[in-house]
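Working notes, structure below.
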Amino acid sequence: MNSVLLRNIIRFVILVLLQVGVLNQVQLGGFINPYLYILFVIMLPFTIPGWFTLILSFAIGISIDVFCNSPGIHASATVFAGFLRQYVIAALMPRENIDPIETPNIRTFGVGWFFKYSLVIVLAHHVFLFVVEAFKFSDLHLVLWRALLSIVFTMFLIFLSQFLFVRNK
Amino acid sequence: MRNLILFILRNHYVILFVLIESLSLFLVMQYNSYQRSCFINSSSAVAGGVNTVFSAVDHYLYLNQKNQELNAELARLRSEIPSAYKCDTAEVQSVKDEVYTQQYEYIPCMVISNSVETSNNFLTLNVGSKHGVEPGMAVVSASGVVGVVKAVSPNFASVIGVLNQDLNISAMLENNGYFGTLTWDGRDYHYAILKDLPAHIRVFKNDAVITSGYSTIFPKGEPIGRVDTILDSGTNGFITLRVRLAVDFKKLTNVQVVRNLLKEEQLELQNRAENE
């Protein structure tokens, strides 16, 4: 139990530092900006209560905001993604009995399941984020195009990290 | 109360989400100048739209008052335009500092009772002898001649309208200056009859008919209407025309009473000339 907690804390810190220190500096073509930190919300343990998911989502979002000097923008998107997470899990859950500390990753239910699961959350997070960032619906197609490109890149990074760091059982 | 707590407990997840999301969006609005300016701009657009609707309603409610103000203004301006003045060039040598003497004054007022249905229609105005109205004064509206004051009380005046078979108005064709007598035939309130025009002149549809100014009542050049049809083209020596009236008597509200300041002088002179 403690190791799960510790792993999540470490993941939190690494993802925030990675996001702020590296990924925010690489703006490919000034257009694409991956937001890998959402992986923290994706990889929270299944059994964590809903209210705690929301608070943790807010925590990592506001942490990114502090460094980006954009109070509330990342927090609101991450809370939205965290809110949807419960329903995504409920909709995609393939089996009944889960190990209490089981964490969603490519090994849990396979690559296809994890792809669907993470794609929905990344999609929700990025679209919400880019819309709040633009804060107007006049150039919506441009905003959605930016979001889409960033989603592709974020998904690529998520799977890269999965293949690099998730150990075989 | 218990139900409320149960409700909150049952929906704590959604409620918490709404709270945190609201907090986040509040932060977005509060600390990001770009988003705040967008939000304020769009809310001022909404507020502006609502305000426009309300002020439109407001303006509509004050239309009556506005109309009265405009009518007063119109009366004041008409008192100042050249046609309200009589040219005194004949006396230029004796009165060097005043080329024009004011001949007509306009008193703004409202029609408070009106009819177009009977064959002899009268109007009632909300001004009377207290306001300087006297029998025999002309009544005009912005679009043209309305009638002549017949009787006055301290606060009201009764007017014989153009739509009254007892009223004859000296009317003139604007383009050639020939004049005749305008009466109403008691039928359609849109039309009056202009008769006694000489047979040799040419009259066309839509020729303007104006007051001649030969009586002491109407100023010269007040619009009466336009020629609609030629009823009699001179078979008995005179042309008779049907004239479409410029004034719509069915929706008459704001009018002006015309006071001829030189009427007494003119009448006195005419009487004297006739008696001699």
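These numbers were taken from a predicted model, which means no experiment stands behind them. Naming: A, B, ... by sequence-line order, numbering from 1 per chain.
In this structure B:T229 satisfies the side chain to side chain contact (heavy atoms under 4.5 Å, CB included) test together with B:L231, B:R242, sequence neighbours excluded.
When heavy atoms are compared at a cutoff of 4.5 Å, A:F52 does not approach chain B at all. Contacts of A:D65 with chain B are absent, with no heavy-atom separation under 4.5 Å from either backbone or side chain. Only the side chain of A:I62 comes within less than 4.5 Å of a heavy atom in chain B; its backbone stays farther off.
For the set A:S57, A:A77, A:G61, A:S70, the entry with the most heavy-atom pairs within less than 4.5 Å of chain B is A:S70. Contact tally against chain B (heavy-atom pairs below 4.5 Å) for A:G72, A:A75, A:P49: the top residue is A:G72.
For B:F7, the CZ atom sits in a loose shell: 12 or fewer heavy atoms of surrounding residues, nucleotides or ligands are nearer than 6.0 Å.
Residue-level contacts of residues 13-24 of chain B with chain A, in order of numbering, are B:Y13, B:V14, B:L16, B:F17, B:I20, B:E21, B:L23, B:S24; threshold 4.5 Å between heavy atoms.
Taking all atoms of both residues into account, the shortest heavy-atom contact from A:I73 to B:V28 is N-CG2, 3.4 Å.
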